[in-house]
Participant: 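Got a structure for you, questions after.
Just so it is clear, the values below take in all heavy atoms, side chains as well, and ignore hydrogens, waters and symmetry mates. Naming: A, B, ... by sequence-line order, numbering from 1 per chain. Keep in mind that what you see is a predicted model, and the values were worked out from it rather than measured.
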Protein chains: 2
Amino acid sequence: MAEEPSERATLWAVARRAGVHAATASRALNEATRPLVAPDTIARVLRAARDLNYHPNHAARSLRTQRSMTIGVVIPDITNSLFPPIVRGIEDFLAPAGYVALVANTGRDVDRERVVMREMLARSVEGIVLATARRDYPLLEEPPLRGLPVVLVNRVTDDALFSSVSTDDRLGARLAVAHLLDLGHRRIAHIAGPDSLSTGFGRKSGYLEGMRSAGVSAPASLLVAADSYAEEEGYRCASELLGRRSPFTAILAANDMLALGALRALDEHGFRCPEDYSLVGFNDMPLVDRITPPLTTIRLPQYEAGSEAARLLLDRIRQRDGPVSAVLLAPKLVVRRSTCPPTPV
Amino acid sequence: MAEEPSERATLWAVARRAGVHAATASRALNEATRPLVAPDTIARVLRAARDLNYHPNHAARSLRTQRSMTIGVVIPDITNSLFPPIVRGIEDFLAPAGYVALVANTGRDVDRERVVMREMLARSVEGIVLATARRDYPLLEEPPLRGLPVVLVNRVTDDALFSSVSTDDRLGARLAVAHLLDLGHRRIAHIAGPDSLSTGFGRKSGYLEGMRSAGVSAPASLLVAADSYAEEEGYRCASELLGRRSPFTAILAANDMLALGALRALDEHGFRCPEDYSLVGFNDMPLVDRITPPLTTIRLPQYEAGSEAARLLLDRIRQRDGPVSAVLLAPKLVVRRSTCPPTPV
DNA sequence: TTGTATGCGTTATCAG
DNA sequence: CTGATAACGCATACAA
């Protein structure tokens, strides 16, 4: 036995070696149809398959069954540390089900998203996990996606037309605000993320709610909006806040990159964190526990978000008319050293 | 026109609409065979294809042409910040060529690598980029991979049987050693990476060469080997060095995670960096410029490594008997504040 | 329980 | 230049 199989063995090769027809071999090899085959035939086929190191040709199966066993994952940028855990969560959940993920990075370019989705459709993905949604996202209603299972992750749209998995951004911001209020802060500034993203909008809402429900005022002078989640923007926004001369003692940034930029701005203006200004971020990026000062932030269950999104997508693939569900994951406050009680004036 | 195509249009549908045979439509649609078709036929076919929003069925094409237009990428862990830029480099290079990447995380589990590669072979990947190689890596010689184009990235094997793209680890370590020597250090310790990995071995060799060629001794008491590139290991190794009571004034860690662990150890032992001990890392991970002190490290061109690996792989796919080449990329010393001249005793 | 026949959507070969 | 035909490898309805 074990003559070196120079070419990949086909189903026919297996069948011949087992002394049966290809159809029988096929039935014996597939879990679902195996009960239709006689026990010793099954044994012979399985043995032959193993001997020949048979692996079904994916393209042929896919063509025949109309199932690609592939899903698409569209993310802004894998080098943004927010996404690797999400992707990992997706892939780890998919793998045992026999699915693989086609991952594409689109940056912030909507045209690129369109191109990428076409490419995925061309490869017959059975569904898509999207991490690039904006609150208003007409792309999802364009014909190419018609009927294709889609699950939004991290960012969601305003209208809940699709299933989604996201963190409770409002709650996260409220946790942060509550923490700062507990420490005694009253003048709390917010560097908001883009309004066009559910994360930016939700966190800002949570900030406003948190302030309001505590009876603390949140005037427009304490609010500044970043154009993107970039360190540079955090720097710009913090500088602007400092320039406004509307006093405050703490900053809640809509994510860690913005917080990092804010920290740099504070530093360059000669202020210390947390003595002069407390600072809270969002995301708990790797290494923000090692900067100076270690950053107090809101941790999101990213890996779980990914696996949960994959679960919803597979559910939907298996049962097309299943319910549209919006899963909301709980964020967690991680207190480190960038926050402390405000210095009495 | 533009009746909503409820099902995906097939080549036959396009052909019918253009009033030609499917074979002709196929020729008209494919760049390579297009010259065989009459100009106005081409126009009619193209038009019909656009009207029907035709996209070739990937599985069918793949089955027929025996080309999947897919390559596999095997990495230890996408959540390790070293890999996202590499993956990005690969994908960005592949995309214009019409290829997509199937990315799989294997951890440090060789069995998992085997499983993953089988899965990839089952999907008929045309080649594989491997970032999980060890210096001795028999897996590559096992039959399943026979003849499949493979390019190693980041880590390489001792025998140059496959094309590879890596950073010049020896040079990187020598740059780091030279920097420390320039500052006046003579007793330089090294926290080495695993000997089984080309990165660990190469960096250690570079360290030894750098010391030796400067006429400085590098006794075994200044060398300690980490079992893995984990922060915890850096902590353990640094603690061990400190416990040895063989004096030194600087540490070269084989990567940034080890350096981070070493930094924690120094801190916990009441030492300051760089005043008491200078510290150099390797990789220039995100945010190591924001920790205290900002880490002096060796920067690797990760994105370029990825795109270069993709280039080599595509070359090899297009020309199976092309040369095996080992591309060595130049690392760069990034001086920050974790290094300074040694304090005179 | 097994074999036969057919088709999934393309492309390549061979006539015409 | 174009049409007919076959085949890629597999799974399934149907027949035996």
Side-chain angles (χ1 to χ4, degrees), chain A residues 5-46 48-49 52-70 98 121-126, chain B residues 5-46 48-49 52-70 98 121-126:
Chain A
S6 54
E7 297 301 324
R8 251 175 76 180
T10 85
L11 184 59
W12 265 108
V14 173
R16 201 174 313 119
R17 180 175 244 262
V20 297
H21 190 101
T24 305
S26 173
R27 285 187 282 254
L29 256 11
N30 284 55
E31 289 287 355
T33 47
R34 188 166 304 163
L36 302 175
V37 182
D40 70 324
T41 309
I42 295 177
R44 287 209 318 283
V45 171
L46 258 33
L52 297 175
N53 189 26
Y54 169 75
H55 289 275
N57 179 308
H58 188 261
R61 169 174 292 175
S62 185
L63 180 60
R64 173 65 226 227
T65 60
Q66 309 286 11
R67 311 196 48 199
S68 64
M69 300 304 279
T70 304
L121 290 174
R123 293 191 178 239
S124 306
V125 295
E126 295 180 36
Chain B
S6 54
E7 297 300 325
R8 251 174 76 177
T10 84
L11 182 59
W12 267 107
V14 173
R16 202 174 311 119
R17 181 174 241 264
V20 296
H21 188 101
T24 305
S26 172
R27 283 187 285 252
L29 257 10
N30 282 55
E31 288 286 353
T33 47
R34 189 168 302 163
L36 301 174
V37 182
D40 70 323
T41 308
I42 294 177
R44 288 210 314 285
V45 171
L46 258 33
L52 297 175
N53 188 26
Y54 170 75
H55 288 275
N57 178 308
H58 189 260
R61 169 174 290 175
S62 188
L63 179 59
R64 176 64 228 217
T65 61
Q66 308 286 11
R67 310 198 48 199
S68 63
M69 300 304 279
T70 303
L121 290 174
R123 291 190 180 239
S124 307
V125 295
E126 296 181 35

Participant: What one-letter contact string describes nucleotides 8-16 of chain D from 5' to 3', where B marks a base within less than 4.0 Å of any protein heavy atom, S marks contact via sugar-phosphate atoms alone, and - marks no contact?
Facilitator: BBBBBB---
Participant: Starting at CG of A:Leu11, measure out to NE2 of A:His55 and round the result to the nearest 0.5 Å.
Facilitator: 13.5 Å
Participant: Take the protein atom CZ of A:Arg34 and the nucleotide atom P of C:dT2, then report the distance between them rounded to whole Å.
Facilitator: 14 Å
Participant: Would you give the length of the straight line joining atom OG of B:Ser68 to atom CZ of A:Arg123, rounded to the nearest 0.5 angstrom?
Facilitator: 7.5 Å
Participant: With ring-ring contact (aromatic ring centres under 6.0 Å, His included) as the rule and sequence neighbours excluded, what pairs involving residues 8-37 of chain B come up?
Facilitator: B:Trp12-B:His21
Participant: In Å and rounded to the nearest 0.5 Å, what is the CD1 to CG distance from B:Ile42 to B:Leu29?
Facilitator: 10.5 Å
Participant: Rounded to the nearest 0.5 Å, how far does OG1 of A:Thr41 lie from CZ of A:Arg27?
Facilitator: 10.5 Å
Participant: Find the distance B:Leu52:CG to C:dG9:C1' and express it as a whole number of Å.
Facilitator: 15 Å
Participant: Could you grab the distance from atom NE2 of B:His58 to atom OG1 of A:Thr70, nearest 0.5 Å is fine?
Facilitator: 9.5 Å
Participant: Let me confirm one number: the CZ-CZ distance from A:Arg44 to A:Arg17, rounded to the nearest 0.5 Å.
Facilitator: 12.5 Å
Participant: Looking at residues 37-45 of chain A, who's got a heavy atom less than 4.0 Å off DNA chain C?
Facilitator: A:Val37, A:Ala38, A:Thr41
Participant: Hey, does A:Thr10 have a side-chain heavy atom less than 4.5 Å from the side chain of A:Asn57?
Facilitator: no
